[in-house]
Structure formats: C-alpha cells, structure tokens
Student: 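My questions all concern the structure below.
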Amino acid sequence: MGDDRHMAENRREEPENVPAAPMEPLPGGPAPGRHEEVGGLTSHDRHKLGRTRAATTWTGLVVGIVVAILLLIFILQNLDSVTFELFAWEFSLPAGISLLLAAIAGALIMALAGGVRIIQIRRVAKRAGSASDDTTPR
C-alpha cells in the first residue's frame, strides 16, 4: 500500500530522560495535561460516558430510513389489489398499502393506550407526592 519507512523517518520521537517544560495554566480553566479533571471526571473517562442526544438522533434517523426503504420495497412487491368490506362499504386497495394502514392503525391504538397509562401513573404520583407533603412535620 504505502511506504511506511518514510512515515517512520518523519515521526517525531520524544526523548525519554528530558523533563517536560512546565506549562502555565490557562486563565479561567483547569491546568493543562493529558488527563485534566473536569467535574470529577478525567478527559479519558468523559469518552466512556455514553451516547449523546445527537448520536441518538442520528441513529434513529438511520434506522428510520432503513425501515422506510424496507416498507417501500414491501409495498412495491405487494401491489395486487385486495377487496375489503367493512359494514356497508366495499373498497379495494393494494395489499401492501392495506397492511401498512393496518400497522399504522395498530401503532396509533397502542400509542393511545400508552398515553392513557402514562396519565394514570402521573396522577397517582402527583397524589402520592401531595400526600407525603401533608404528612411531613413543620
């Protein structure tokens, strides 16, 4: 691939026995060094903290795009028309689109049920919080 000898010749090697020149701290900042402590964490530990909101957003975006592409392929492969009868109505749709609409309806029903449950839990937590406030001695 490349000539590694040329890179090795240009690489700057640090002498082992020469003490490093002391660096003055920056105004308003921590003292310079390889592992400055900021908020109780070293710079090395900050890299281990985990995911950021931006990383999570990008991951969700990529997953969403992959799912959308798979759905598009599914719909394009299932364009056969299917007749539906609901009470007095009769209509026909491509099979892929009808299954997509059924999945969306199911997701909306589950979101509604989840939302109702969250509201119930918040009410219980609010009552428990206000009840504990009333029983504390003053």
Side-chain angles (χ1 to χ4, degrees):
M1 287 199 174
D3 190 8
D4 291 333
R5 289 177 292 167
H6 178 56
M7 290 174 50
E9 291 171 1
N10 290 336
R11 189 177 333 144
R12 187 175 148 201
E13 295 187 18
E14 299 290 327
E16 294 178 15
N17 296 332
V18 177
M23 296 180 70
E24 295 182 24
L26 296 173
R34 289 180 65 185
H35 296 285
E36 303 100 9
E37 286 203 17
V38 177
L41 296 175
T42 64
S43 63
H44 181 67
D45 291 337
R46 279 184 270 149
H47 296 291
K48 295 181 186 179
L49 284 179
R51 301 183 65 88
T52 62
R53 288 182 186 174
T56 304
T57 302
W58 277 105
T59 303
L61 183 66
V62 170
V63 169
I65 289 171
V66 169
V67 169
I69 290 171
L70 291 174
L71 279 172
L72 181 63
I73 292 170
F74 175 77
I75 289 171
L76 291 175
Q77 288 182 344
N78 292 289
L79 290 176
D80 298 332
S81 186
V82 179
T83 302
F84 293 95
E85 295 179 17
L86 179 65
F87 303 120
W89 299 299
E90 184 176 318
F91 53 94
S92 61
L93 287 172
I97 293 178
S98 62
L99 289 171
L100 177 65
L101 291 175
I104 291 172
L108 289 174
I109 291 170
M110 290 305 298
L112 181 66
V116 169
R117 183 64 183 143
I118 288 172
I119 290 171
Q120 288 175 341
I121 291 172
R122 283 185 181 168
R123 285 183 182 168
V124 169
K126 190 183 224 183
R127 286 184 197 141
S130 65
S132 65
D133 290 343
D134 294 341
T135 58
T136 56
R138 294 181 187 193

Student: Hey, quick one: are L100 and V67 part of the same hydrophobic cluster, counting side-chain heavy atoms closer than 4.5 Å, chains of contacts allowed?
Tutor: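 Linked, L100 and V67 end up in one cluster.
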Student: Write out all pairs satisfying side-chain hydrogen bond (donor to acceptor under 3.5 Å, both in side chains) with one or both partners inside residues 57-69, taking only residues at least two apart or from two chains.
Tutor: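 Every side-chain hydrogen bond (donor to acceptor under 3.5 Å, both in side chains) pair that includes a residue of residues 57-69, provided the two are not neighbours, is R51-T59.
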Student: Check the hydrophobic clustering (I, L, V, M, F, W, Y; side-chain heavy atoms under 4.5 Å; chains of links allowed) and say if I118 and L108 are grouped together.
Tutor: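 As far as the 4.5 Å side-chain criterion goes, L108 and I118 are not connected within one cluster.
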Student: So, for S98 and A95, which heavy atoms are closest and what is the spacing to 0.1 Å?
Tutor: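 Smallest interatomic distance, heavy atoms only, reads OG-O, 2.7 Å.
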Student: Which donor-acceptor pairs under 3.5 Å do side chains of residues 69-81 form with protein atoms, sequence neighbours excluded?
Tutor:
from: N78; atom 1: ND2; to: F74; atom 2: O; distance (Å): 2.8

Student: Check the pair R123, Q120 against side chain to side chain donor-acceptor pair (under 3.5 Å), reporting the backbone distance first and the verdict last.
Tutor: CA-CA 5 Å; R123 285 183 182 168; Q120 288 175 341; over 6 Å; no
Student: Could you name each residue pair satisfying ring-ring contact (aromatic ring centres under 6.0 Å, His included) that touches residues 78-132, not counting sequence neighbours?
Tutor: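 For residues 78-132, and leaving out neighbouring residues, the ring-ring contact (aromatic ring centres under 6.0 Å, His included) pairs sorted by first residue read F84-F91.
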Student: Enter the distance from L112:CG to I109:CD1 here, rounded to the nearest 0.5 Å.
Tutor: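 Atom-to-atom, L112:CG and I109:CD1 are 8.0 Å apart.
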